[in-house]
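Notes follow the structure.
When a ligand or atom number is given, it counts from 1 through the structure's own listing order. Not measured: the values here are computed from a predicted model.
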Amino acid sequence: MVKQMTRRRFVKGAFGAFLTLFGIGSGGYVYAKQIEPSLLDINTQEVQHPFIPKSFEGIKIVQFSDTHLGFQYNLRQFKKLVKKINELRPDVILFTGDLMDRPNKFTEINNLVPLLQQLHAPLGKYCIYGNHDHGGYGSNLYRNIMETANFDLLLNESKAIKLRDGSHIYLVGIDDAMLGRPNMALALKGVPVNSFKIVLSHAPDLAETISQYPVQWQLSGHSHGGQVKLPFIGALVTPPFGRKYTEGLYRIGQDQQLSLYVNRGIGTTRLPFRFLAKPELTVFTLKT
Ligand SMILES: [Fe+2]
């Protein structure tokens with residue numbers, strides 16, 4: 001706790017010093033506190049691999065992550081996000097963890113579930129655990145919320161997404177690295193080696209381990225893109241397992257066989273600021 005407070009003070013101090021140095025002052029504070037967190041980047045990414053069956057051409061997957069409801073982000077804002085996601089007409093919706101900032105302190109679950117239910121994706125809605133979903137005795141609460149809202153919670157397990165012609169790809173969800181027990185071997189049980197697989201891992205920095213398995217893509221969140229970044233310096237604070245890969249696309253492994261995409265998430269945690277790390281939705285389009 002002491003360590004956490006000291007670090008928090010350090011970040012606030014460093015951020016304040018940065019604003020002063022560049023003469024941004026209170027305008028920058030207002031920007032980082034109120035403006036940037038309310039912005040939204042919709043990033044698009046093509047996913048191409050010979051293992052993707054032809055009939056999956058053009059299938060659209062939308063990823064959202066790290067809403068941290070109850071901290072700086074509320075249900076009124078989340079309702080708008082749900083509308084935005086539905087307007088993108090996704091075939092598949094993925095949530096990569098950290099739904100509520102403190103699950104046992106969040107008092108509006110009854111209003112949250114109907115919003116999650118409104119998210120529409122004909123080929124399914126899938127999610128995994130983030131560290132905040134396990135924290136505050138949240139594990140069962142999170143599972144209940146997501147399953148009531150028709151999300152498949154993938155806890156070290158896989159699920160085939162099947163089209164009418166019988167062709168399929170696999171989603172492989174692993175547990176959170178900080179507060180859970182990720183197990184790739186267990187998650188891949190029964191999944192054919194020569195199939196196209198997307199791994200969902202809240203923590204991006206598991207990529208080296210994940211690249212040792214026969215999977216082609218990894219989608220993560222957790223890092224918030226650094227949340228507060230300074231020019232020339234980069235992120236002030238990054239969480240454990242979210243330090244090496246903080247945002248965007250990376251190629252991992254000896255033959256760069258694993259593509260990792262790190263989504264910057266929607267909400268904030270610890271400090272109610274975002275600076276040079278805009279909230280993000282990612283739209284992946286499959287190409288054969
Ligand atoms: Fe998070």
**Prompt:** In this structure, are over 12 heavy atoms from other groups packed under 6.0 Å from K244 atom NZ?
**Reply:** no
**Residue list, side-chain contact (heavy atoms from CB on, under 4.5 Å) with T246, at least two apart or on another chain** = S223, T238, Y250
**Message:** Return all protein N, O or S atoms below 2.8 Å from the Fe ion (ligand 1), chain by chain in residue order.
**Reply:** D66 OD2, H68 NE2, D98 OD2, H224 NE2
**Request:** Taking the side chain as every heavy atom from C-beta outward, state whether I266 and L40 have any pair of such atoms under 4.5 Å apart.
**Result:** yes
**Request:** Output yes when a side-chain donor or acceptor of N86 lies under 3.5 Å from a complementary backbone atom of Q118, and no otherwise.
**Result:** yes
**Message:** Under a plain distance cut-off of 3.5 Å, with no hydrogens placed, do Q77 and S38 share a side-chain donor-acceptor pair?
**Reply:** no
**Message:** Please report whether the ring centroid of F196 lies less than 6.0 Å from that of F56.
**Reply:** no
